[in-house]
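These notes are about the structure you will find just below.
We number each residue from 1, following the sequence as shown.
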Amino acid sequence: MGEVGGFKKYTRAETPERGPRERVGDHREFVRTLPLVELQQQGARCMECGVPFCHSGCPLGNLIPDWNDLVYRDRWREAIDQLHRTNNFPEFTGRLCPAPCEAACVLEIDEGNAVTIKQIELSIVSRAWDEGWISAEPPAVRTGHRVAVVGSGPSGLAAAQQLNRRGHWVTLFERDEAVGGLLRFGVPDFKIEKHVVERRVQQLVDEGVELRLGVDVDASDLEGFDASVLCIGARVPRDLTVPGRELDGVHFAMEYLYGRNRAIANDRQARISATGKHVIVIGGGDTGADCVASAHREHAASVTQIELLGEPPARRSDELSPWPLWPVKLRTSYALKEGGERSFALSTTGLSGDGRVERIHWVQNSGEPPFAPVEGTDESRPADLVLLAMGFTGAEPKLFDELGAIASRESYATSRPGVFAAGDCRRGQSLVVWAIEEGRKCAEQVDGYLEQLRDRAHDRVRHDAGARG
């Protein structure tokens, strides 16, 4: 794979980005791609490892060395075919996945020197769209079975596409006004512009998937389907139980991000605005970073992100996360490169204000469970907008309860025959790459279940024919 000794000849090239001062002035994507020659050089760095750990690092099991080599050899048309063998939507993962494959790359033994897998992946699929190599792939034959997929995030989209291509009639339900789930409404445009999602949705429609939008599904909507797949996400946010939580100006992160995405799509003012305000973001993950970056683009007076956990080490610690595991180490998000402050090991003790939040109160803690407060470190700061980005506790239980279905971590089938679950609602809040993998694997189990239904129906027909004879 690649060029013999290429990993010695070429250094790693980091993903190019528009400068922070430029990009905070708009909502366009800020990540760029490397020039063709540099991409081929990066593909040449792939080492022909005896054991390609990148395969196991990627939840989808992407055939990474194969398409690295094809890019190096300028065989892009074959590269997209290899990429699509394991990943329905590489333009999603190429933009949003944190690239655990790169953390598992053998070259990452020399920390920071991994092959730029994510950049190559995105370049392959971007060129494929530009060249017109991606088109609808409707099935040649229909089975007659009808499948409902509830939720149109990446797991629902993947399940719908896989099942449709197996020949089943698929109906995709979405309670919002557009398809995409968090890809559409939770992730800002500057990380993934919505036309990227829309063209994949159009591909599904052209392949025969029926869309039903604005439907808050209940059990009666699923009557008449031979199987149902629940991909409703883990949308119940973790709350902050401190005095002052009820004040105006304290919101869950997704309330803010959903409003921002809708406002940008419709060129109007959002209900929750950071403009001119002192913004506090509680939570240090991707959702928190997206809130920070969105507040920058609204010209907030100040933006501060705080985390409950202590500051991680600057480099990979073999005691905490030895290679090829995902390293636990200090990272600076794209949002903090644009500005703002970040503090670790802070426990929020309260919020105060006259009807509306005006200040946040916190104390330093020990940095690890049980997060004991450090005496004499109490502090307060101005806070006009507080965004809670502390993760999610699980799926909304309503539909599961109505169906009498209990999700399982051992199988995509729930406790109710014919009802399946995939994505975050089954395994908990996770990465886009895991969501796609869940949708694909769930589709395999659903297809097997429907095949058993066909076999039983054929057996009944033969039995009835024999009895009549």
Query raised in the report: Does Arg142 make a cation-pi contact with Trp169, if we ask for NZ or CZ under 6.0 Å from the ring centre and within 45° of the axis?
Result: yes
Query raised in the report: Taking only residues two or more places apart in sequence, or in another chain, which ones meet Phe190 in a ring-ring contact (aromatic ring centres under 6.0 Å, His included)?
Result: none
Query raised in the report: Is there side-chain contact between Ser347 and Leu308, with heavy atoms separated by less than 4.5 Å?
Result: yes
**Report entry** Set of residues satisfying salt bridge (charged side-chain N to carboxylate O under 4.0 Å, His left out) with respect to Arg427, sequence neighbours excluded
**Finding:** Glu438
Query raised in the report: What is the minimum heavy-atom distance between Leu172 and Leu157, and which atoms define it?
Result: CD2-CD2, 3.9 Å
**Report entry** Lys118 side-chain N/O to Cys97 backbone N/O, donor-acceptor pair under 3.5 Å
**Finding:** yes
Report task. State plainly whether the residues Arg127 and Glu131 are in salt-bridge range, i.e. N to O under 4.0 Å. Result -> yes
Query - Contact check, side chains of Ile282 and Ile360, non-hydrogen atoms, under 4.5 Å - result: yes
**Report entry** Beyond-backbone contact of Asn365 with Phe344, side-chain heavy atoms, under 4.5 angstrom
**Finding:** no
Query raised in the report: Within the side chain of Thr414, is there an N or O that forms a donor-acceptor pair under 3.5 Å with the backbone of Val419?
Result: yes
Query raised in the report: Arg238 side chain to Met390 main-chain N or O, any donor-acceptor pair under 3.5 Å?
Result: yes
Requested in this report: Search all heavy atoms of Val446 against all heavy atoms of Ala227 and return the closest pair with its distance.
Outcome: CG1-CB, 3.9 Å
Requested in this report: State, without any angle test, whether Thr275 and His299 hold a side-chain donor-acceptor pair at a distance under 3.5 Å.
Outcome: no
Query raised in the report: Would you find a donor on one side and an acceptor on the other, under 3.5 Å apart, between the side chain of Arg316 and the backbone of Lys329?
Result: no
**Report entry** Closest contact, heavy atoms only, Ile117 versus Cys101
**Finding:** CG2-SG, 3.6 Å
Query raised in the report: How long is the gap from CZ on Phe89 to CZ on Arg199, to the nearest 0.5 Å?
Result: 12.0 Å
Query raised in the report: Roughly how far apart are Thr15 OG1 and Ile120 CD1, rounded to 0.5 Å?
Result: 10.0 Å
Query raised in the report: Counting distance only, does the side-chain N/O of Asp424 pair as donor-acceptor with the main-chain N or O of Gly233 below 3.5 Å?
Result: no
Query raised in the report: Any sub-3.5 Å donor-acceptor pair from Glu174's side-chain atoms to Val179's backbone N or O?
Result: no
Query - Nearest atoms (heavy-atom pairs only) where Pro324 meets Phe53 - result: CG-CD2, 3.9 Å
Query - Approximate separation, where rounding is to 0.5 Å, of Ser56 OG and Leu325 CG - result: 9.5 Å
Report summary line: So CD of Glu437 and OG of Ser430: to nearest 0.5 Å the spacing works out to 11.0 Å
Query raised in the report: Got Val149 and Phe173 here, is their nearest side-chain heavy-atom distance under 4.5 Å?
Result: no
Report task. Would you check if Leu34 and Ser123 make a side-chain contact, meaning some heavy-atom pair closer than 4.5 Å? Result -> no
Report task. Output every pair passing side chain to side chain donor-acceptor pair (under 3.5 Å) with a member in residues 302-312, not counting sequence neighbours, ordered by first then second residue. Result -> His278-Ser302
Report task. Any side chain to side chain donor-acceptor pair (under 3.5 Å) involving residues 30-44? Give me the pairs, sequence neighbours left out, ordered by first then second residue. Result -> Gln42-Thr116
Report task. Please say which of Asp290, Val187, Leu387 ends up in a side chain to side chain contact (heavy atoms under 4.5 Å, CB included) with Leu257. Result -> Asp290
Query raised in the report: What distance do Trp434 atom CH2 and Leu60 atom CG have between them, rounded to the nearest 0.5 Å?
Result: 9.0 Å
Query raised in the report: Between the main-chain N or O of Ser273 and the side-chain N or O of Lys277, is there a donor-acceptor pair closer than 3.5 Å?
Result: yes
Query raised in the report: Do Val197 and Val201 have side chains that get closer than 4.5 Å, going by heavy atoms?
Result: yes
Report summary line: Those residues at least two apart in sequence (or on a different chain) that pass side chain to side chain contact (heavy atoms under 4.5 Å, CB included) with Val24 are His296, Arg297, Glu338
Query raised in the report: Going by distance alone, is a donor N or O of one side chain under 3.5 Å from an acceptor N or O of the other, for Arg45 and Asn113?
Result: yes
Requested in this report: Examine distances only and state if a side-chain atom of Lys9 and a backbone atom of Glu3 form a donor-acceptor pair shorter than 3.5 Å.
Outcome: no
Query raised in the report: Between Glu17 and Arg23, is there a side-chain N and carboxylate O pair less than 4.0 Å apart?
Result: yes
Report task. Return each pair, listed once, that meets side chain to side chain donor-acceptor pair (under 3.5 Å) where at least one residue sits in residues 85-102; pairs must be two or more places apart or across chains. Result -> Arg12-Glu102, Glu29-Arg95, Asn62-Thr86, Gln82-Arg85, Asn87-Thr93, Asn87-Glu121, Asn88-Gln161, Asn88-Gln162, Asn88-Arg440, Glu91-Trp129, Glu91-Arg200, Thr93-Glu121
Report task. Please name all residues satisfying ring-ring contact (aromatic ring centres under 6.0 Å, His included) with Tyr334, sequence neighbours left out, ordered by chain then number. Result -> Phe30
Report task. Side-chain contact test, heavy atoms from C-beta onward, threshold under 4.5 Å: evaluate it for Arg175 versus Val215 and give yes or no. Result -> no
**Report entry** Partners meeting ring-ring contact (aromatic ring centres under 6.0 Å, His included) with Phe7 (sequence neighbours left out)
**Finding:** none
Requested in this report: Side-chain contact test, heavy atoms from C-beta onward, threshold under 4.5 Å: evaluate it for Trp323 versus Val106 and give yes or no.
Outcome: yes
Query raised in the report: Near Glu14 CD, under 6.0 Å, is it more than 12 heavy atoms from other residues, nucleotides or ligands?
Result: yes
Query raised in the report: Does the distance from a Lys or Arg side-chain N to an Asp or Glu carboxylate O, for Asp26 and Arg18, drop under 4.0 Å?
Result: yes
Report task. Verify whether one side chain among Asp74 and Trp76 offers a donor that lies under 3.5 Å from an acceptor in the other. Result -> yes
Report task. Return the set of residues passing side chain to side chain contact (heavy atoms under 4.5 Å, CB included) with Gln445 (not counting sequence neighbours), or none when no residue passes. Result -> Ser411, Tyr412, Ala413, Phe420
Report task. Determine, step by step, whether Arg73 and Glu78 satisfy the salt bridge (Lys or Arg N to Asp or Glu O under 4.0 Å) criterion, reporting the C-alpha distance in whole Å, the side-chain angles of both residues, the deciding distance to 0.1 Å, and the verdict. Result -> CA-CA 10 Å; Arg73 300 181 189 283; Glu78 295 171 69; over 6 Å; no
Query raised in the report: According to the salt bridge (Lys or Arg N to Asp or Glu O under 4.0 Å) rule, which pairs have a member within residues 50-62, sequence neighbours left out?
Result: none
Query - Which residues share a side chain to side chain contact (heavy atoms under 4.5 Å, CB included) with Ala395, sequence neighbours left out - result: Ile232, Phe400, Cys425
Query - Summary of salt bridge (Lys or Arg N to Asp or Glu O under 4.0 Å) pairs that have at least one residue in residues 257-270, sequence neighbours excluded - result: Asp176-Arg262, Glu177-Arg262, Arg260-Glu298
Query raised in the report: Is the backbone of Gly57 close enough, under 3.5 Å, to the side chain of Trp326 for a donor and an acceptor to pair up by distance?
Result: no
Report task. Tell me, with the steps shown, if Val281 and Ile306 meet side-chain contact (heavy atoms from CB on, under 4.5 Å). Result -> CA-CA 6 Å; Val281 179; Ile306 64 173; over 6 Å; no
Requested in this report: With rounding to the nearest 0.5 Å, note down the distance linking CG in Asn164 to CD in Glu210.
Outcome: 11.5 Å
Query raised in the report: Is the backbone of Gly43 close enough, under 3.5 Å, to the side chain of Asp69 for a donor and an acceptor to pair up by distance?
Result: no
Query raised in the report: Do you know which two heavy atoms are closest between Leu163 and Ala443, and how far apart they sit?
Result: CD2-O, 3.6 Å
**Report entry** Least distance between heavy atoms, Gly339 atom then Val292 atom
**Finding:** O-CG1, 4.4 Å
